[in-house]
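What follows is one structure encoded as structure tokens, with my remarks underneath.
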Amino acid sequence: MINKIIAIDFDGTIVDDKYPEIGKAKIFAFETMRQLQNDGYRLTLWTYRSGKTLDEAVEFCRKNGIEFYAINNSFEGEDYDKTTHSRKINADIFVDDRNLGGFPGWSDVYQIITKKIELSVSTNGTQAPKKKKKGFFGL
């Protein structure tokens, strides 16, 4: 079973960015997240939202069939203490609309994660698949 953690942003990634309101769900967002969970990935909601707006986002996801492994923490029940902990959370993969090159879309996100595709940014600003090297020295 896969035991990797994926940290996922909310505004602009799961939904269109309409902060502080909740935008329209991105196409295939919830289907893809459910499939990733079925594949064994643990999903963490990693968002700028807090308080009421965070509660609204969590409830929106819950109504669409997604329960998160953790919310704005490395694990459920984490007691964040800014004097002893970093705000950077523990995750194997981060999915965010502000990645270099922008958000590719959920069907591409699934392929990138499950097929372990590496991306590179071309000179014209579009993303192109990066060919994997065969050995340590690319031979």
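Keep in mind that the numbers below use all heavy atoms, side chains included, and drop hydrogens, waters and symmetry copies. Every value quoted in this text rests on a predicted model; they were computed, and no experiment measured them.
Here the straight-line distance linking atom CG of Asn72 with atom OG1 of Thr44 works out to 9.5 Å at 0.5 Å rounding. Atom CZ of Phe68 is separated from atom CG of Asn73 by 13.5 Å, given to the nearest 0.5 angstrom. To the nearest 0.5 Å, atom CG of residue Asp96 and atom CD1 of residue Ile93 are 14.0 Å apart. Taking CD of Glu56 as the reference point, atom CZ of Arg49 lies at 7.0 Å (rounded to 0.5 Å). The distance from the NZ atom of Lys26 to the CG atom of Asp97 is 7.0 Å, given to the nearest 0.5 Å. Residue Tyr69 holds its OH atom at 14.0 Å from CD1 of Ile8, rounded to the nearest 0.5 Å.
In this structure, Asp9 has no salt bridge (Lys or Arg N to Asp or Glu O under 4.0 Å) partners at least two apart in sequence or on a different chain. When the ring pair (Phe, Tyr, Trp, His ring centres under 6.0 Å) test is applied to Phe30, the partners found at least two apart in sequence or on another chain are Phe60.
Here the side chains of Ile6 and Arg42 are not in contact, with every heavy-atom distance at 4.5 Å or above. You'll find the side chain of Lys63 reaches within 4.5 Å of the side chain of Glu59, heavy atoms only.
Summarising the geometry of Ala7 relative to Ile89, their closest heavy-atom pair is CB-CD1, 3.7 Å, with the distance given to 0.1 Å. Of all non-hydrogen atoms in Ile112 and Pro104, the two that sit nearest each other are CD1-CG, 4.2 Å. Nearest heavy atoms, Lys4 versus Asp92: CA-OD2, 3.2 Å.
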(message) Please evaluate residues Met33 and Gln37 with respect to the criterion side-chain contact (heavy atoms from CB on, under 4.5 Å), reporting the C-alpha separation (whole Å), side-chain torsions for both, the decisive distance (0.1 Å), and the verdict.
(response) CA-CA 6 Å; Met33 289 187 292; Gln37 286 180 322; 5.6 Å; no

(request) For the pair Ile14 and Trp106, evaluate side-chain contact (heavy atoms from CB on, under 4.5 Å) and give the outcome as yes or no after the intermediate values. (result) CA-CA 9 Å; Ile14 295 174; Trp106 280 99; 4.3 Å; yes

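One hydrophobic cluster holds both Phe103 and Leu36 under the rule that ILVMFWY side chains link at heavy-atom gaps under 4.5 Å. Under a hydrophobic clustering in which Ile, Leu, Val, Met, Phe, Trp and Tyr are joined whenever their side-chain heavy atoms come within less than 4.5 Å, directly or via other members, Ile27 and Val109 fall into the same cluster. Tyr19 and Leu45 fall into different hydrophobic clusters, where Ile, Leu, Val, Met, Phe, Trp and Tyr side chains are chained together by heavy-atom contacts under 4.5 Å.
Between Asp11 and Lys18 there is no salt bridge, since none of the side-chain N atoms of the basic residue sits less than 4.0 Å from a carboxylate O of the acidic one.
For the 3.5 Å distance criterion, the side chains of Tyr110 and Asp39 qualify, holding a donor opposite an acceptor.
Between the side chain of Asn99 and the main chain of Gly101, no donor-acceptor pair closer than 3.5 Å is present. Of the possible polar contacts, one joining the Thr32 side chain to the Phe28 backbone as a donor-acceptor pair under 3.5 Å is found. Remark: side-chain polar atoms of Thr13 are not paired, donor with acceptor, to backbone N or O of Phe10 under 3.5 angstrom. Between the side chain of Asn64 and the main chain of Cys61, no donor-acceptor pair closer than 3.5 Å is present.
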